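Model, not experiment: these values are computed from the prediction.
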Amino acid sequence: MESLVIFDSCWRRFEERYGQDFRVPREIVWLNGAPGSGKGVNTGHILKTRGLTKHFTISGLLESYPEARRLVDSGEMIPDQMVCDLLLEALLLDEPGLQDDLGFVVDGFPRTATQVDFLKMLYDKLLELHHKYADTPQGIAFPRPSFKVVVLYCDEETSIKRQLQRARVANLHNRRVLDAGAGQFFEERATDTDIDKCRKRYAIFKTHYAATLRLKQFFPFTLIDAMGSLEETRQQITKELRYQSSLDLNAKAYELIRHLPLAKDVVLSARQELVMRLDGYCEASYDLFAELVMRLDGYCEASYELYAEELVMRLDGYCEASYKLYAEVVDRIINDVLPVVRQSGLAGHAEYVTRSPFFSEHPVAIDMLVDVMTDRGFHVCYIREDTAIPEHVDLSTGAVRYSLRPCHKFRISFDARGPRDEMKALEIAARMTESHASLQRDVRISHSVIPEHFMDDRAAEEEEEDTRSRGHTVAGFMGS
């Protein structure tokens, strides 16, 4: 009851100040953890893994608010209402440099049972606004909210050890800055220098930990074992927070694409078909197939070694023989070719097409472009297509004179592993590391939990969207 009163009062104050002039971030990662578990050093990695750019800490919000700072200085508890008021403004106000439609990582919330209830009520309110504005021009400001909870866990002994070590490092660094007269000071926390205070901080974390675990009932919940090294922790974060379309896309978008095959399935099918074709060649025309393989083997063995040497010689030759032309080709690559490549960066292939007379006037520039791109790790294939342009028609004979207009096409391919493949590779690496580490210590406890009702809610939302769409169709038909 108290939680409902606090949420209603906070939301009412927010609406009185700002009305509906705010935007809802698409995704929020709520980061919690024991003291010394590495929330600060891992925030950037979580942002990168989830494709987000913005984050803030609750402690940072409170320090920027004079009344909260006064309460802290006087040793008083900061009311949940004050924390929640500041949280709403930080999340929802569209202030330049602070708000990002993609989402946030929020460090340090929720910590109390009341704040856990507030978080659930906030999600319900944002979901309500999403449904309310779904089919209106304002809908873009109210996407379906996505909440994820991440907890970094370490035991008391590790927590105390890291807090004391943090104090020693900060003190040593700051003494060096003072001595050198240059550099940035590290924060020296009073709680990091006293073992009793370190132990008290961990005890406070454990006191509120049961309330944090309640979030498993409502949202995707990820527990990260932060007892190992920083690299081990980050590998687990990458594995547990990898992209999953069934969770990350809204119901309508996922329903439209769920029947499409994944890239890995297409590749697997293509490989199976390739195996069948190669087996078929071998059985139907063994001698011809064997001769072809021998020719390819000899060609590849010779060409791979020679090509690199020849490429170096050609590039040096271009520079010495036609430096100005070579520089102009490089300039075209920078200004014309690379923007096309970057636009297709995740596809692994791009096509640069130009009708500029430059390559017709300087045919060697084609070789230069191909070789320079090859040196930078791209694979380039050049094709020239001539288009016949009518210029004159002889009315007496009907003969047509054409001129050829060349079109230069450079097909560029490169290695571009997709998000799923990269995550899979990192997942395999993390599992190999875990297997090795398990020989020296206990198996990690990292895992993710999806509430049982979560996918049911997605299905219900899908059905509701379909019903709404059918309702609009019927209304349009009756109106016509």
Quiz item: Under 3.5 Å, side chain of Ser159 to main-chain N/O of Pro35, donor-acceptor pair present?
Solution: yes

Self-check item: Under 3.5 Å donor-acceptor, Arg234 side chain and Asn42 backbone
Solution: no

Quiz item: Which of these passes side chain to side chain contact (heavy atoms under 4.5 Å, CB included) with Glu128: His131, Lys125, Lys132?
Solution: Lys125

Self-check item: Derivation of the ring-ring contact (aromatic ring centres under 6.0 Å, His included) call for Phe22 and Phe142
Solution: CA-CA 9 Å; Phe22 61 90; Phe142 300 95; 5.5 Å; yes

Quiz item: If you draw the axis of the six-membered ring of Tyr382, does the NZ or CZ of Arg411 fall within 45° of it and under 6.0 Å from the ring centre?
Solution: no

Quiz item: Mind checking whether Tyr123 and Phe118 have ring centres under 6.0 Å apart?
Solution: no

Quiz item: Between Gln165 and Arg162, do the side chains contain an N or O donor and an N or O acceptor separated by less than 3.5 Å?
Solution: no

Quiz item: Okay, side chain of Gln236, backbone of Asp225: is any donor-acceptor separation there less than 3.5 Å?
Solution: yes

Quiz item: Would you say His130 and Val24 make side-chain contact, with heavy atoms under 4.5 Å?
Solution: no

Practice problem: Locate the shortest heavy-atom distance separating Ile78 from Ala68; write the atom from each residue and the value. | Solution: CD1-O, 4.1 Å

Exercise. Assign the ring pair Phe56 / Phe104 to parallel, tilted or perpendicular, where the plane angle (0 to 90°) is split at 30° and 60°.
Key: perpendicular

Quiz item: Has the side chain of Asn174 got a donor or acceptor atom that lies under 3.5 Å from a matching backbone atom of Ala170?
Solution: yes

Exercise. Answer yes or no: is there a donor N or O on one side and an acceptor on the other, between the side chain of His208 and the main chain of Thr112, under 3.5 Å?
Key: no

Quiz item: Quick check: does any side chain N or O of Thr57 sit under 3.5 Å from a backbone N or O of Gly60, one acting as donor and the other as acceptor?
Solution: yes

Quiz item: Counting only N and O atoms by type, is there a donor-acceptor contact under 3.5 Å from the side chain of Ser344 to the main-chain atoms of Val341?
Solution: no

Quiz item: Is there a donor-acceptor pair under 3.5 Å between the side chain of Asn32 and the backbone N or O of Phe109?
Solution: yes

Exercise. Return yes if some donor-acceptor pair links the side-chain N/O of Gln235 with the main-chain N/O of Glu232 below 3.5 Å, else return no.
Key: no

Quiz prompt | Note, Lys120 side chain near Phe219 side chain (heavy atom, < 4.5 Å) | solution = yes

Quiz item: Going by atom types only, do Thr233 and His45 share a side-chain donor-acceptor pair under 3.5 Å?
Solution: no

Practice problem: May I ask you to decide if Ser413's main-chain N or O and His349's side chain share a donor-acceptor pair within less than 3.5 Å? | Solution: no

Quiz item: Hey, are Arg70 and Glu67 close enough for a salt bridge, meaning a charged N less than 4.0 Å from a carboxylate O?
Solution: yes

Exercise. Evaluate the side-chain proximity of Gln20 to Gln138: yes if any heavy-atom separation is below 4.5 Å, no if none is.
Key: no

Exercise. Assess the pair Phe218 and Phe147: is the distance between their ring centroids shorter than 6.0 Å?
Key: no

